[in-house]
**Q** 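Structure provided below as structure tokens; questions to follow.
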Amino acid sequence: MKTITARLTDIVAAAFEKAGYDPSLGTVTVSDRADLCQFQCNGALAGAKLHHKAPRAIAEDVAALLREDAQFSMVDIAGPGFINLSLTDAALLDAVRALAADEHLGVPQAESPETVVIDYGGPNVAKPLHIGHLRSAIIGEALKRLTRVCGHKAIGDVHLGDWGTPMGLVIEELHDRHPDWACFSEDFDPATDTVPALDAASLNEIYPFASARKKTDEAFRDRAHQATFDLQNGKPGYIALWKEILKVSVGDIRAAYEKLNVEFEYWYGESDADRYVPALMEILEGRNLLRESDGAEVIDVAREEDTAPMPPIIARKTDGSITYETTDLATILQRQQDFAPDRMLYLTDARQSLHFEQVFRAAKLAGLVGENVTLDFLGFGTMNGADGKPYKTRDGGVMQLSDLLATATAAAYDKLRESAYLNELDDAEKQVLAQKVGIAAVKFGDLQNNPARDYVFDLDKFLAFEGKTGTYLLYTVTRINSVLKKATAADKIGGIYSDTERDLVLKLLLSGEVFTRALAEKAPSFLCDNAYQLASLFSKFYHDNHVLGEEDADKKQSWLWLMTLVRRMLLLHLDTLAIDAVENM
Ligand code: ARG
């Protein structure tokens, strides 16, 4: 359905036209002086130049027509020619009833839906997930859901890092520890030989160990490099071992994402792009994009107008191995063939922005995607500790994701002691609730920031029952739940009985366009703000009125109806942010 401002724009534009002015002047926006009016149109000011007439005179002509429309409780002209508008309660009620009947709850659906591939998560196999992977997963999942809520098709691909040097490091370290394993013998036969079972805990120990070792042990580093190369060239023993590493590590990664409500349609990895490399090279060759440079093959992507350095891409190194850039180009080819998307959106740490700019330029030069396909990158800021530096463990190490979530769950558990409800639960239920509250707090604490910005991870603040937090939103929903459980759901709204209710109704009517805005800006933070504002208005309403004890039946029915809608709207926000609500807390 159309947003309320779009519908009012139609009406005001028609009035401009009828009065002899350009209808495009009729754009209506939400008022920035809520104390004066609900909506405003500033078109008369722009119309002055166009029609060579004083803006106030134009506004008068238009306002005279709008005053004939019974929907408006007020049509005023302010200052140099702003048209201020408010709707009657009857009109607001009609609009909010229509909103409740809309399956999309007033979120405008895209007129020409796009297919969007979203590349997020990006964990590296064999490395434990650490907090650096948290933001990509949380923001990516929210944007994917938001894309869908706005009527587009979204495909999520985790794009595992499963084909690079970390794999070689782990293989070589295992080689040193278990030289007798069949996979390290030159005559390994996949038909008869097997690889010993690995487990996640030992893998989580091996990678950091090997990674530290390569910094001091040059010979080891070279062997790991060779192992990566051999793996990429299909050495049977290494492939078998790699598959085992993959199985264990991906199982671990899946479990972590599941806890976070993060789901991927595809679990492709960099290794899956390998099949597309020959075709990619052929295209690059055919377009004359490869230039020889010190034995390597590079692609020039710099443009004359560049003001910052734009180094060429190394497509193939001197030793014949491919790079992170080649893999991403081959993946674009795969995505184009499999999904023919209108847009590909990538989410990583902002420090990879040059990489993606290079890759996107090369993809366009090579014609891997058409001119009208958008290649889009969202680089996010870092999650910092109280000292303003990237968040670390107490001993200064990189915090693993599982530890972070355990910390958040424990803190939520502590926090929930304030609630009497906790006593009604057994230990397992308490744990489930604490985990949901903890994860909601972490997610909301992240998503409420503009993604590009760094933010300070402050669990205490994120878990507060008051203020712009996930806890507050979950708590607000549970308050509504407890009322609705005790009263029969109403099926109509009969009236608006207070200013707070009017504000609530307006907030509901304006929520749909917030989704559109959040998607356009790639900023789920708009949804966080809106959910918080809605919850705050509800809290005020709840504080002012005793719904269950209300004797006026019409009033009570209207209130219950409104609460049901507020609940739906809050849940739509939370669900889009991939935050699980709780029934009670
Ligand atoms: N695995 C990479 C990393 O940890 C992120 C992958 C991002 N996606 C991509 N298509 N390059 O840095």
Side-chain angles (χ1 to χ4, degrees), residues 117 119 122-127 157-172 211 214 221-239 241-243 245-246 266-302 310-338 344 346 348 351-369 375 377:
V117 175
D119 178 313
N124 297 314
V125 167
K127 290 198 207 178
D157 182 1
V158 68
H159 200 75
L160 296 168
D162 63 354
W163 210 224
T165 24
M167 304 311 304
L169 286 170
V170 172
I171 291 175
E172 256 332 281
S211 173
K214 87 166 178 222
R221 194 186 54 217
D222 290 346
R223 278 193 288 132
H225 193 249
Q226 182 62 37
T228 310
F229 183 80
D230 290 343
L231 171 72
Q232 290 180 355
N233 284 287
K235 186 169 173 170
Y238 287 5
I239 292 283
L241 180 58
W242 171 76
K243 281 190 179 153
I245 297 172
L246 213 61
Y266 291 92
W267 280 82
Y268 288 141
E270 293 176 357
S271 64
D272 291 293
D274 211 49
R275 288 183 285 135
Y276 294 84
V277 171
L280 170 71
M281 289 301 182
E282 211 168 286
I283 294 170
L284 295 173
E285 192 108 32
R287 294 229 175 188
N288 265 325
L289 290 170
L290 293 175
R291 173 169 68 80
E292 202 270 353
S293 167
D294 292 333
E297 290 177 275
V298 305
I299 310 169
D300 291 310
V301 290
M310 185 56 62
I313 283 182
I314 300 177
R316 205 190 279 285
K317 293 194 230 165
T318 330
D319 66 7
S321 61
I322 58 166
T323 62
Y324 185 42
E325 286 71 28
T326 326
T327 307
D328 265 324
L329 286 170
T331 305
I332 291 178
L333 195 59
Q334 173 257 319
R335 289 178 179 156
Q336 178 61 30
Q337 284 180 15
D338 289 357
M344 299 187 202
Y346 295 77
T348 74
R351 282 168 292 194
Q352 292 199 31
S353 69
L354 177 64
H355 164 78
F356 284 103
E357 181 60 27
Q358 291 173 297
V359 167
F360 294 170
R361 286 186 182 197
K364 290 277 174 175
L365 283 172
L368 301 183
V369 296
L375 298 173
F377 170 67

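For the single chain, residues carry numbers from 1 onward in sequence order.
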**Q** Do D230 and Q226 meet the criterion of a side-chain donor-acceptor pair at a distance under 3.5 Å?
**A**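 On atom types as modelled, these side chains qualify, holding a pair under 3.5 Å.
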**Q** Within the structure provided, determine whether D272 and W163 are in side-chain contact (heavy-atom separation under 4.5 Å).
**A**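 No, too far: nothing below the 4.5 Å cut-off.
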**Q** Counting C-beta onward and ignoring hydrogens, is there a side-chain heavy-atom pair between V158 and P123 closer than 4.5 Å?
**A** yes
**Q** Say you draw a straight line from OH of Y346 to NE2 of H355; how long is it, rounded to the nearest 0.5 Å?
**A**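 Here the rounded value is 8.0 Å.
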**Q** Does the side-chain contact (heavy atoms from CB on, under 4.5 Å) test come out yes or no for D119 and R335, once each step is laid out?
**A** CA-CA 11 Å; D119 178 313; R335 289 178 179 156; 2.9 Å; yes
**Q** Please round to the nearest 0.5 Å and tell me the distance separating atom CZ of R316 and atom CG of L290.
**A** 8.5 Å
**Q** Can you tell me if D294 has over 12 outside heavy atoms packed within less than 6.0 Å of its CG?
**A**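 12 or below, so no.
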**Q** I want to check something: taking the side chain as every heavy atom from C-beta on, are V298 and P311 in contact at a cut-off of under 4.5 Å?
**A** no
**Q** Indicate the atoms forming the closest heavy-atom contact of E172 with A227, along with that distance.
**A**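 Taking every non-hydrogen atom into account, OE2-CB, 3.8 Å.
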**Q** Less than 4.5 Å apart, side chain to side chain, heavy atoms only: is that true for H225 and D319?
**A** yes
**Q** Please examine the side chains of L375 and K364, heavy atoms only from C-beta on, and report whether any two atoms are closer than 4.5 Å.
**A** yes
**Q** At their closest point, which heavy atom of T331 faces which heavy atom of A273, and how far apart are they?
**A**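 Answer, listing the atom of T331 first, then A273: OG1-CB, 3.3 Å.
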**Q** Distance from D300 atom CG to R291 atom CZ, nearest 0.5 Å?
**A**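 Rounded to the nearest 0.5 Å, the CG-CZ separation comes out at 4.0 Å.
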**Q** Let me see the working for D328 and H159 under side-chain contact (heavy atoms from CB on, under 4.5 Å), right down to the final yes or no.
**A** CA-CA 10 Å; D328 265 324; H159 200 75; 3.7 Å; yes
**Q** With a 4.5 Å heavy-atom cut-off, do Y268 and D338 have their side chains touching?
**A**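 In short, these two side chains touch, coming nearer than 4.5 Å.
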**Q** Can you tell me how far apart CD1 (I322) and CD1 (I314) are? Round to the nearest 0.5 Å.
**A** 13.0 Å
**Q** Report the relative orientation of the aromatic rings in F356 and F377; use parallel for angles under 30°, tilted for 30 to 60°, perpendicular for over 60°.
**A**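 Because their plane-to-plane angle is under 30°, the rings of F356 and F377 count as parallel.
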**Q** Would you compute the distance between atom CD1 of I313 and atom OG1 of T326 and round it to the nearest 0.5 angstrom?
**A**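 Taking CD1 in I313 and OG1 in T326, the distance rounds to 8.0 Å.
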**Q** Quick one: does R287's side chain have a donor or acceptor within less than 3.5 Å of a partner on A366's backbone?
**A**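 Between the backbone of A366 and the side chain of R287 there is a qualifying donor-acceptor contact (under 3.5 Å).
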**Q** Does a sphere of radius 6.0 Å around CD in E282 hold more than 12 heavy atoms from other residues, nucleotides or ligands, not counting ones at 6.0 Å or beyond?
**A** no
**Q** For the pair E270 (side chain) and Y324 (backbone), establish whether a donor and an acceptor sit closer than 3.5 Å, ignoring hydrogens and angles.
**A**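 Pair absent, no side-chain N/O of E270 close to backbone of Y324.
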**Q** Can you tell me how far CG of L284 sits from CG of L368, rounded to the nearest 0.5 angstrom?
**A**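 Reported to 0.5 Å precision, the distance equals 7.0 Å.
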**Q** Checking side-chain polar atoms at under 3.5 Å, does Y276 have a donor or acceptor matched by the opposite partner on Q336?
**A**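 No - no donor-acceptor pair under 3.5 Å links their side chains.
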**Q** Go through the steps to decide whether M167 and N124 satisfy the test side-chain contact (heavy atoms from CB on, under 4.5 Å), and finish with yes or no.
**A** CA-CA 9 Å; M167 304 311 304; N124 297 314; over 6 Å; no
**Q** Where the side chain of D162 meets the backbone of S271, is there a donor-acceptor pair that is under 3.5 Å apart?
**A** yes
**Q** I'd like to know whether M344 forms a side-chain contact (heavy atoms from CB on, under 4.5 Å) with I332, so could you lay out the CA-CA distance, the side-chain angles of the two residues, the decisive distance to 0.1 Å, and finally the verdict.
**A** CA-CA 8 Å; M344 299 187 202; I332 291 178; 3.9 Å; yes
**Q** Once side-chain hydrogen bond (donor to acceptor under 3.5 Å, both in side chains) is applied, do any residues pair with R275, and if so which ones, sequence neighbours excluded?
**A** none
